[in-house]
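Only one structure is covered here, and it is reproduced in the block below.
Every chain is numbered from 1, with letters handed out A, B, ... down the list of sequences.
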Amino acid sequence: MSERIIIHVASSALAVDKGIRLSALLPQLKLEAKPVLAEVDGRVVGLDVALDKDAEVILLYPESEAALDVLRHSASHLMAHAVLDLFPGTQVGVGPAVENGFYYDFLRETPFTTEDLAAIEAKMAEIAGRDLPIERRVMPKAEAVRRFREMGQTLKVELIEEKAGEEATVYGQGAFMDFCRGPHLASTGLVKHFKLLSVSGAYWKGDERNQQLQRIYGTAFFSTEALDAYLKLLEEARKRDHRKLGPELDLFSFSDDVGSGLTLWHPKGARIRAAIEQHWRERHWAGGYDILFTPHIGRARLWQVSGHLGFYKDSMYAPMEIDGQEYYLKPMNCPFHIQVYKSRMRSYRDLPLRWAELGTVYRYERSGVLHGLLRVRGFTQDDAHIICTPDQIEDEILRVLDFSVSILADFGFTDNKIELSVRDPKNPDKYCGDDGLWCRAEASLVKALETRGYRYERMEGEAVFYGPKIDIKIKDALGRLWQCTTIQFDFNMSERFDMAYIGEDGKEHRPYMVHRALLGSLERFFGVLVEHYNGAFPLWLAPVQAVVLPIADRHDAYALGLVDRLRAAGLRAEADLSREKVGYKIRGAETGKIPLILVVGDKEVRDGTASLRIHGLGDKGPVEIAAFLDKAQALIRQRSLTVIW
RNA sequence: GCCAGCGUAGCUCAGCAGGUAGAGCGGCUGAUUUGUAAUCAGCGGGUCAGGGGUUCGAAUCCCUUCGCUGGCUCCA
């Protein structure tokens, strides 16, 4: 008689034979929906798992995050299977599920083309259609090595030798076999809705000294609807791409002759940037900051002391020689702010100091990483340094956190993801600054986050060597996260430059220095804003806030007078005097995403009014000019994100 | 930097078995004096990214430089 075990599953407790497969139990549970996977004692496994002891089983349905990951992992196997079928002799690398999809790396002489992708997709559909069972097997390491070697999969052999213990787990479907920890879906037929997206290069084991493999990216979902929704999101992102909208709306451009990664701000883009900067300055002054201006270049000695020439030189532009001295373009602002600090003796009574600068820095970025405004070589950081005593640190951290969150909210970003990066307890030697400093610094960050009740993710070991930090990522209109704010302790610079203040005791003490970038880089933030707003900037930022459209040329004088009046009231306004029909002018204003459109004809001239049209909302009828100005000014003052009349 | 793809008028693109460039939109000019998303007509506009090569002949084939795109890598 076989041994019995107790399985708790779907609110039943079943006594079953030891070794039974979970899938064999499912029929008697009379489930309404079909699970795809299960969690057995906290481990995600396929439904074919053999149950050999008492266990808590949670069935996983297609909606769960874990199930989606497994689906995509199985989809990557399906793709590798298809590739090996179509292109014998190809070697496979690794193929995990990643955010939004999956990839698999292949080693093959000939590059994959887009036509190949279509063929691979068709092959995948065919294999999925055969509904092959996906079977997990455990075999001795030596056997796995032998079998993969026989198949000519030397990359896999390398992986098995590195990663497998005594035994290797492999998953097989039909003729395809892969060394893989799993889990996987029960059969290929469950992978129904997928799409291959792109091919790119990727180094074997992520090391650029290794050979480069071809990586195919794809995505998969449990339903057509979910797949279509995701593809639509990609399409929407393409439409909003700031690299497309920016030149289209005449906001900025790049020029080969100037150089890549160097932004040219056109008048309209510059108006938006100026509006952002103006607001930024006002908020900083109101928030207890002082504003600095520092040079773009500095002597080599400065960068030696700061340590940049030691560990950051590869990212700096080559030095220029001036009067026999080497000068470098600045990649960071901190050394300059520290020089301001050191320009005189500082007392504890002077602290805290909060110094901010819109500091333009230049960093050499490898050509392949440049990306529109999001990754450039010259950019303006909205930098600040807070220098304070140990007693002040908690208040200062709370203050800078509140300040940052509040300014992000001014642009409509209220759904943020916050990350706290702290030391790696297993690796204490790679950090500078003593233990007491770190403890106090980390505690102040935690305290600030908890005082405000913010949800945050604690990233163990993610702190940089010079101090712990809080990063804030904003979520845009398409749900994408962008890191903007970083609040970092810096125990390195303060030591290197021997920063000090005189305490109450008359002795020298080392201050805390906190480095903060809020919007991050203005270029990058601007790029994100273009995509977030889809080019339709809210009234307070719009480069042209109102356009006046005369219907016939006898209304031109009235239109120009109106523009003067709007400008006198502080609005960025223009008139369109072209000899076109009003429908054409309206079209131009709408595609130009101008928030307020004022149409003036005989009626309006007679009544001293204008006919208002709001971008995207259409005709709102006649308005009194004074009332219009009041309303528009109020919307601008409130930095309203929408125009509701 | 690496792998792959791409670079034709301001923009979107056609032309590519090699035979000295074309459309739409935008622009300009003229006519139209116009009421809430495209009035009509005419005109201009390109060293086919730059350089080199093959060829009688190159936008088209080859090499190379630059730039862009998707990734890798990097972002103490």
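- With B:G1, B:A76, B:G71 as the choices, the nucleotide that has an atom nearest any side-chain atom of A:Y217 turns out to be B:G71.
- When distances are taken from the side chain of A:P111 to each of B:G67, B:A4, B:C72, the shortest belongs to B:A4.
- You'll find the side chain of A:L262 reaches within 4.5 Å of the side chain of A:Y362, heavy atoms only.
- Judged by distance alone, with hydrogens and angles left aside, the side-chain atoms of A:E442 form a donor-acceptor pair with the main-chain N or O of A:R423 at under 3.5 Å.
- Looking at the side chain of A:R375, the nearest of the listed nucleotides B:U34, B:U69, B:C75 is B:C75.
- Using a 4.0 Å heavy-atom distance criterion, A:E580 is classed as a base contact.
- A:S367 has a side-chain polar atom (N or O) that falls below the 4.0 Å cut-off from OP1 or OP2 of B:G1.
- Comparing B:U34, B:C75, B:C72 against the side chain of A:K581 picks out B:U34 as the nearest.
- Of all nucleotides present, none satisfies the Watson-Crick or G-U wobble test against B:U55 with each distance under 3.5 Å.
- Among the protein residues, A:N492 comes within range of the nucleic acid bases, having at least one heavy atom under 4.0 Å from a base atom.
- For the pair A:D556 and A:R579, the salt-bridge criterion is met [side-chain N within less than 4.0 Å of a carboxylate O].
- Within 4.0 Å of A:L370, counting heavy atoms only, lie sugar-phosphate atoms of the nucleic acid but no base atom.
- Phosphate proximity of B:A4 to A:S200: absent, as no side-chain N or O sits under 4.0 Å from OP1 or OP2.
- Across every strand in view, B:G44 sits unpaired, with no contact that passes the Watson-Crick or G-U test at under 3.5 angstrom.
- With B:U34, B:G35, B:C74 as the candidates, the nucleotide lying closest to the side chain of A:V369 is B:C74.
- At a threshold of 4.0 angstrom between heavy atoms, the contacts of A:T591 include nucleobase atoms, whether or not backbone atoms are also involved.
- Contacts of A:G206 with the nucleic acid, taken as non-hydrogen atoms under 4.0 Å apart, involve only primed sugar atoms and P, OP1 or OP2.
- A:D602 comes within 4.0 angstrom of a base, heavy atoms only.
- With distances taken from any side-chain atom of A:E208 to the nucleotides B:G70, B:G71, B:G1, the minimum falls on B:G1.
- By the 30° and 60° cut-offs, the orientation of the rings of A:F628 relative to A:W645 is parallel.
- A:Y312 comes within contact range of no nucleotide atom at all, as no heavy-atom separation falls under 4.0 Å.
- A 3.5 Å limit on both hydrogen-bonding distances identifies B:U69 as the Watson-Crick or G-U partner of B:A4.
- Checked by atom type and distance alone, the side chain of A:R301 never pairs as donor or acceptor with a backbone atom of A:E326 at under 3.5 Å.
- When each of A:F336, A:F311, A:Y317 is checked for a ring pair (Phe, Tyr, Trp, His ring centres under 6.0 Å) with A:W303, only A:F336 meets the rule.
- Distances were taken from every side-chain heavy atom of A:R554 (C-beta onward) to each of B:C68, B:U34, B:C74; the shortest belongs to B:U34.
- Nucleic acid contact class of A:G372 (heavy atoms, under 4.0 Å, all strands): sugar-phosphate only.
- Not one side-chain nitrogen or oxygen of A:Y203 sits closer than 4.0 Å to the OP1 or OP2 atom of B:C74.
- Checking B:G67, B:C72, B:G35 against every side-chain atom of A:I551, the shortest atom distance belongs to B:G35.
- Side-chain atoms of A:R215 stay outside donor-acceptor range of the base of B:A4, with no qualifying N/O pair under 3.5 Å.
- Contacts of A:K585 with the nucleic acid, taken as non-hydrogen atoms under 4.0 Å apart, are absent.
- Mapping A:G259 and A:R613 onto RNA chain B by nearest heavy atom places A:R613 closer to the 5' end of the strand.
- For A:R366, counting side-chain heavy atoms from C-beta on, the closest listed nucleotide (B:C74, B:G70, B:C72) is B:C74.
- Looking at the side chain of A:R243, the nearest of the listed nucleotides B:G1, B:U69, B:A37 is B:U69.
- Residue A:E604 is in base contact, counting any heavy-atom pair closer than 4.0 Å across all strands shown.
- Base pairing of B:C11: its partner is B:G24, meeting the Watson-Crick or G-U wobble criterion (both donor-acceptor distances under 3.5 Å).
- OP1 or OP2 of B:U34 has not a single side-chain nitrogen or oxygen of A:H555 nearer than 4.0 Å.
- Taking a cutoff of 4.0 Å between a charged side-chain nitrogen and a carboxylate oxygen, A:K469 and A:D471 qualify as a salt bridge.
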